[in-house]
Amino acid sequence: KKLIDERLIDARLANLFRVRMRLGHFDPPGPLQRFPLSDVCSPHATSLATSGMVQSAALLKNENKTLPLSPSAAGSLAILGPNANLSKATVSYYGP
């Protein structure tokens with residue numbers, strides 16, 4: 001019946017598989033997939049995760065009630081690190 005153009009289907013499938021490749025859907029199983037789910041959510045794993053979170057937490061002292069920052073009071077703000085140039089659109093793109 002030719003209701004949909006074959007080139008449109010090809011374009012949509014190409015984009016679908018491009019996104020799936022970026023997400024690793026066709027990668028071979030890695031070492032993390034070898035852990036059974038019963039180990040991942042076990043009490044031991046949960047306590048390790050909680051301990052890591054507690055040890056890495058940073059407490060801020062809110063002197064002079066400066067937190068939360070207001071845009072007018074902050075002036076300028078530096079974003080540092082390897083992902084500083086990534087926009088929200090770039091990081092969260094999964095398809096059209």
Side-chain angles (χ1 to χ4, degrees):
K1 291 184 177 181
K2 301 276 185 178
L3 297 176
I4 300 174
D5 186 13
E6 188 175 337
R7 288 177 291 166
L8 180 62
I9 295 172
D10 288 342
R12 294 295 185 245
L13 285 173
N15 192 47
L16 169 76
F17 284 107
R18 188 177 309 112
V19 171
R20 290 191 66 193
M21 290 291 285
R22 288 177 63 188
L23 291 172
H25 288 180
F26 302 108
D27 293 347
L32 295 179
Q33 282 77 24
R34 294 189 189 115
F35 289 109
L37 289 179
S38 59
D39 287 350
V40 174
C41 296
S42 69
H44 177 67
T46 304
S47 72
L48 280 176
T50 302
S51 175
M53 186 255 331
V54 168
Q55 292 178 31
S56 66
L59 297 176
L60 300 175
K61 187 173 182 181
N62 193 9
E63 290 181 354
N64 302 323
K65 298 186 180 184
T66 55
L67 298 174
L69 296 175
S70 68
S72 60
S76 63
L77 182 68
I79 307 296
L80 307 174
N83 295 327
N85 284 333
L86 294 179
S87 68
K88 183 177 180 183
T90 303
V91 175
S92 64
Y93 176 74
Y94 290 108

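Here the shortest heavy-atom pairing between Thr46 and Cys41 reads OG1-O, 4.0 Å. Closest non-hydrogen pair, Pro29 versus Gln33, comes out as C-OE1, 3.9 Å.
In this structure, His44 places its NE2 atom where only 12 or fewer heavy-atom neighbours from other residues, nucleotides or ligands lie under 6.0 Å away. Counting heavy atoms of neighbouring residues, nucleotides and ligands inside a 6.0 Å radius, atom CD1 of Ile4 does not exceed 12 of them. Environment of CG in Leu13: crowded, with over 12 heavy atoms of neighbouring residues, nucleotides or ligands closer than 6.0 Å.
In this structure, a donor-acceptor pair under 3.5 Å is present between the side chains of Arg18 and Asn15.
Ser51 meets the side-chain hydrogen bond (donor to acceptor under 3.5 Å, both in side chains) test with Gln55; sequence neighbours excluded.
In the hydrophobic clustering of ILVMFWY residues, with side-chain heavy atoms under 4.5 Å counting as a link, Leu16 and Ile9 come out together. Note on Met53 and Leu48: separate hydrophobic clusters, where clusters join Ile, Leu, Val, Met, Phe, Trp and Tyr whose side-chain heavy atoms are under 4.5 Å apart, directly or indirectly.
Note that CZ of Phe26 and CZ of Arg20 are 4.0 Å apart. Values are rounded to the nearest 0.5 Å. Remark: Glu6 CD to Asp10 CG distance equals 5.5 Å, nearest 0.5 Å.
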